[in-house]
Chemist: 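Sharing a structure here in structure tokens format.
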Amino acid sequence: MELRTIREADLAGKKVVMRVDFNVPMKEGKVQDDTRIKAALESINYILAQKPRYLVLMSHLGDPKKDFKKAQEKAEKEGKSLDQETFFAAKNRMKNVAEYLANLIGKPVAFSAQTTGTQAQAVCDSAPESGIIMLENTRFDSRETSKEASEREAMAKELASLGEVYVNDAFGTAHRAHASTETLAHFLPAYAGFLMEKEVAYLDPIVSNPQKPMVAIVGGAKVSSKIAVLESLLKNAHTLIIGGGMAFTFLKAQGHTVGKSLVEDDFIDTAKSLLAKAKEMNVQILLPVDHLASAEFADVEPTYVDAIDLPENLMGLDAGKKSVELYAKALENAKTVVWNGPLGVFEFKHFEFGTHEIAKVVASLKAKGGITVVGGGDSVAAVNKFGLAEKMSHVSTGGGASLEYLEGKALPGIVALKK
Ligand SMILES: Nc1ncnc2c1ncn2[C@@H]1O[C@H](COP(=O)(O)OP(=O)(O)O)[C@@H](O)[C@H]1O
Ligand SMILES: O=C(OP(=O)(O)O)[C@H](O)COP(=O)(O)O
């Protein structure tokens, strides 16, 4: 797909507004993996070299409302209280990322604690020539993700008033039709950044000429947002490995007991119909057959459960040895592997086993001529942690985005940049 890129834009003296995907894993206010930040540097450096009036960067960072709700529920269960602002400061405030970027590039990055409005305008106005400004997390403004087009448009107009040219380099968020990722492209001359261009250039040949058999591995925690992707994967994949937190909604749908594991009950019916569809379409679905579990969500010595069913007091936090063997066997002859979402809570030393073992298997396939694409913030963090990123054909900055793109879907953030 041919995109209008920043190479074609006249940026000298211009106010440039760029959407990046700096939705990076955070812990206690610290960036845990900077792949997505580093991936945007080529565009940032190129734009700065064109001597713009200034460069405004914007991104989401988690989902403040949802993240807080989840953390609050967990805190309540543990009898603890949680202060919203302290929580946001550690998890969702973009200031930490702005500081990280400033250190990385050795240049000051001005921060606007508001995403749009008078303060954002004032920070931009007072920026030095070719200075960088980072706006607060776009998702603190509910209009960003609003279903109402008029609300997204109102926000996009406010963002547009900060600039003269819009650049979108946020491949990881290109599957979201949000104010800063799609709507804004209709209010300013819009161009793709180099990361967007590179991702599309890598994925296009796989879409047009997929090497079969294809095995898709989908894990992680975002059950609701990935179930739709799973459904479209059925069209091309020979085998679908469903692991990580995702798996328990499916196991429950099959009538298994899942104990205290992550489950999205609203999606049980969807999971049931997906399993039935897979059967009809002759797609093999692999779910975990054993687990590394724990009574609490913590980095503690795992309890091995040598069965699909989990007892009431345990939650599955990683794949067991038998599951890993089953997955590895299915991957043996794969010509294309697409992987999004870790197979366990790899951030915990005690629960990185499944993700690490499968990362090794996937890495070995490239050497055998296979095409291996790993995508997603946490999945990329995982392969980086294991030192295996170099051994993959392509490490995509987008998980959901790369999966949807590989399914041939038109991603709203990209469509808006088409030539
Ligand atoms: N069994 C599990 N229970 C709870 N969380 C899990 C489980 N397996 C994986 N996870 C979590 O899923 C998160 C990643 O999910 P997700 O955001 O969907 O992946 P990605 O960012 O790669 O797209 C990680 O933080 C990981 O700890
Ligand atoms: O991390 C992201 O997606 P991913 O986990 O599918 O790679 C993107 O930043 C999109 O985030 P979202 O899924 O909260 O819209």
Side-chain angles (χ1 to χ4, degrees), residues 19-27 32-33 35-36 39 59-67 70 74 92 137-139 144-145 170-178 180-181 199 217-230 242-251 258-264 287-288 291-294 296-299 302 305 310 314-320 323 338-348 350-355 358-359 374-385 395-405 411-413:
R19 178 54 155 99
V20 286
D21 187 347
F22 284 178
N23 181 31
V24 290
M26 300 292 291
K27 195 175 172 189
Q32 299 298 297
D33 183 274
T35 306
R36 282 180 169 165
S59 174
H60 72 291
L61 180 58
D63 212 316
K65 233 177 165 176
K66 271 195 210 155
D67 293 343
K70 208 168 133 195
K74 185 170 174 268
N92 303 100
N137 183 348
T138 52
R139 287 194 191 165
E144 165 78 331
T145 56
F171 175 77
T173 324
H175 56 320
R176 311 283 185 217
H178 294 163
S180 69
T181 60
E199 292 267 16
I217 312 171
V218 183
K222 292 180 190 170
V223 186
S224 40
S225 74
K226 284 181 192 170
I227 272 185
V229 175
L230 287 176
I242 305 177
M246 286 284 289
F248 298 102
T249 301
F250 286 84
L251 290 177
V258 296
K260 295 201 288 183
S261 308
L262 187 76
V263 166
E264 281 195 41
L287 288 157
H291 313 273
L292 300 185
S294 166
E296 49 175 338
F297 189 82
D299 197 0
V305 179
L310 280 150
L314 292 180
M315 60 180 83
L317 294 180
D318 197 2
S323 307
V338 292
W339 181 8
N340 169 233
L343 297 175
V345 185
F346 75 96
E347 298 93 331
F348 294 160
H350 289 97
F351 297 101
E352 65 169 38
F353 169 75
T355 309
I358 292 305
V374 181
D378 292 293
S379 313
V380 172
V383 292
N384 280 336
K385 183 181 175 191
V395 176
S396 172
T397 50
S402 61
L403 286 180
E404 289 196 19
Y405 198 84
L411 308 191

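Atoms within each ligand, like the ligands themselves, are counted from 1 in listed order. All residue numbers refer to positions in the sequence shown, counting from 1.
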Chemist: Can you check whether F346 has an N/O within less than 3.5 Å of an N/O in ligand 1?
Modeler: no

Chemist: With heavy atoms of G399 as the reference, note each atom of ligand 2 found under 4.0 Å away.
Modeler: 4 (P), 6 (O), 7 (O)

Chemist: Show which atoms of ligand 2 fall inside a sub-4.0 Å distance from at least one heavy-atom site of D21.
Modeler: 8 (C), 9 (O)

Chemist: Does at least one non-hydrogen atom of D63 fall below 4.0 angstrom from an atom of ligand 2?
Modeler: no

Chemist: What's the shortest distance from atom 6 (C) of ligand 1 to any protein heavy atom, and which residue and atom give it?
Modeler: V345 CG2, 3.6 Å

Chemist: Quick check: H178 and ligand 2, any N/O pair under 3.5 Å apart?
Modeler: no

Chemist: Under 4.0 Å from a heavy atom of F248: give me the atoms of ligand 1 that qualify, with their elements.
Modeler: 1 (N)

Chemist: Could you tell me whether the side chain of H60 reaches within less than 4.5 Å of the side chain of D21, counting heavy atoms only?
Modeler: yes

Chemist: Taking the side chain from D33 and the backbone from P25, do they hold a donor-acceptor pair closer than 3.5 Å?
Modeler: no

Chemist: Return the closest protein heavy atom for atom 26 (C) of ligand 1 as residue, atom name and distance.
Modeler: E347 OE1, 3.6 Å

Chemist: Nearest protein heavy atom to atom 9 (C) of ligand 1, by residue and atom, and its distance?
Modeler: G344 O, 3.2 Å

Chemist: One residue to check: R139. Relative to ligand 2, which of side chain, backbone, both or neither has a non-hydrogen atom less than 4.0 Å away?
Modeler: side chain

Chemist: Ignoring hydrogens and geometry beyond distance, is a side-chain donor-acceptor pair present between N23 and T173 at under 3.5 Å?
Modeler: no

Chemist: Could a heavy atom of F348 be found less than 4.0 Å from some atom of ligand 1?
Modeler: no

Chemist: Specify the closest pair of heavy atoms between L411 and A401, including all atoms of both residues, with the distance to one decimal.
Modeler: CD1-O, 3.6 Å

Chemist: My understanding is that we take every heavy atom of each candidate and find the minimum distance to atom 8 (C) of ligand 2. Doing that for A401, A174, G341, G172, which one comes out nearest?
Modeler: G172

Chemist: Out of S379, A401, A382, who gets a non-hydrogen atom closest to atom 22 (O) of ligand 1?
Modeler: S379

Chemist: Run the side-chain contact (heavy atoms from CB on, under 4.5 Å) check on T355 and W339 step by step: do they pass?
Modeler: CA-CA 11 Å; T355 309; W339 181 8; 4.0 Å; yes

Chemist: Could you list the atoms of ligand 2 found under 4.0 angstrom from a heavy atom of G377?
Modeler: 7 (O)

Chemist: Between the main-chain N or O of V218 and the side-chain N or O of N340, is there a donor-acceptor pair closer than 3.5 Å?
Modeler: no

Chemist: I would like to know whether T145 and R176 meet side-chain contact (heavy atoms from CB on, under 4.5 Å); could you show each step before the answer?
Modeler: CA-CA 8 Å; T145 56; R176 311 283 185 217; over 6 Å; no

Chemist: Is a donor from one side chain sitting under 3.5 angstrom from an acceptor on the other, for R19 and T181?
Modeler: no

Chemist: Taking distance alone, with no angle check, do A221 and ligand 1 share an N/O pair under 3.5 Å?
Modeler: yes

Chemist: What protein heavy atom sits nearest atom 15 (O) of ligand 2, and how far away is it?
Modeler: R176 NE, 2.5 Å

Chemist: Between E199 and T397, do the side chains contain a donor N or O and an acceptor N or O under 3.5 Å apart?
Modeler: yes

Chemist: Please write down residue, atom name and distance for the protein heavy atom closest to atom 20 (P) of ligand 1.
Modeler: D378 N, 3.7 Å

Chemist: Do side-chain atoms of S261 reach the backbone of G316 as a donor and acceptor pair under 3.5 angstrom?
Modeler: yes

Chemist: Heavy-atom contacts under 4.0 Å between M315 and ligand 1: side chain, backbone, both, or neither?
Modeler: neither

Chemist: What's the shortest distance from atom 2 (C) of ligand 2 to any protein heavy atom, and which residue and atom give it?
Modeler: R36 NH2, 3.4 Å

Chemist: So which heavy atom in the protein is nearest atom 6 (O) of ligand 2, and how far is it from that ligand atom?
Modeler: G400 N, 2.7 Å

Chemist: List the closest protein heavy-atom neighbour of atom 11 (O) of ligand 2: residue, atom name, distance to the nearest 0.1 Å.
Modeler: H60 NE2, 3.1 Å

Chemist: Any idea which atoms of ligand 2 are less than 4.0 Å away from a heavy-atom of N23?
Modeler: 1 (O), 2 (C), 8 (C), 9 (O), 11 (O)

Chemist: Provide, to 0.1 Å, the distance between atom 1 (N) of ligand 1 and the closest protein heavy atom, together with that atom's residue and name.
Modeler: G316 O, 3.0 Å

Chemist: Just wondering, do P302 and L317 contact through their side chains at under 4.5 Å, heavy atoms?
Modeler: no

Chemist: Please confirm whether G399 approaches ligand 1 to less than 4.0 Å, judged on its heavy atoms.
Modeler: no

Chemist: With a cut-off of 4.0 Å, which atoms of ligand 1 are near a heavy atom of P342?
Modeler: 9 (C), 14 (C), 19 (O), 22 (O)

Chemist: With the threshold set at 4.0 Å, does a side-chain nitrogen-carboxylate oxygen contact exist between E352 and K385?
Modeler: yes

Chemist: Applying a heavy-atom cut-off of 4.0 Å, say which part of D318 lies close to ligand 1: side chain, backbone, both or neither.
Modeler: neither

Chemist: Which protein non-hydrogen atom lies closest to atom 7 (C) of ligand 1, naming both residue and atom, and how far is it?
Modeler: G245 N, 3.2 Å

Chemist: With heavy-atom distances below 4.0 Å as the criterion, list the atoms of ligand 2 near G376.
Modeler: 7 (O)

Chemist: In the protein, what heavy atom is nearest to atom 18 (O) of ligand 1, and what distance, to one decimal place, separates them?
Modeler: K226 NZ, 2.6 Å

Chemist: To the nearest 0.5 Å, what is the distance between CG on L314 and CD on E296?
Modeler: 11.0 Å

Chemist: Atom 5 (O) of ligand 2: which protein heavy atom is closest, and how many Å away?
Modeler: K222 NZ, 2.8 Å

Chemist: Consider only side-chain N and O atoms of T138 and E144, and report whether a donor and an acceptor are under 3.5 Å apart.
Modeler: yes

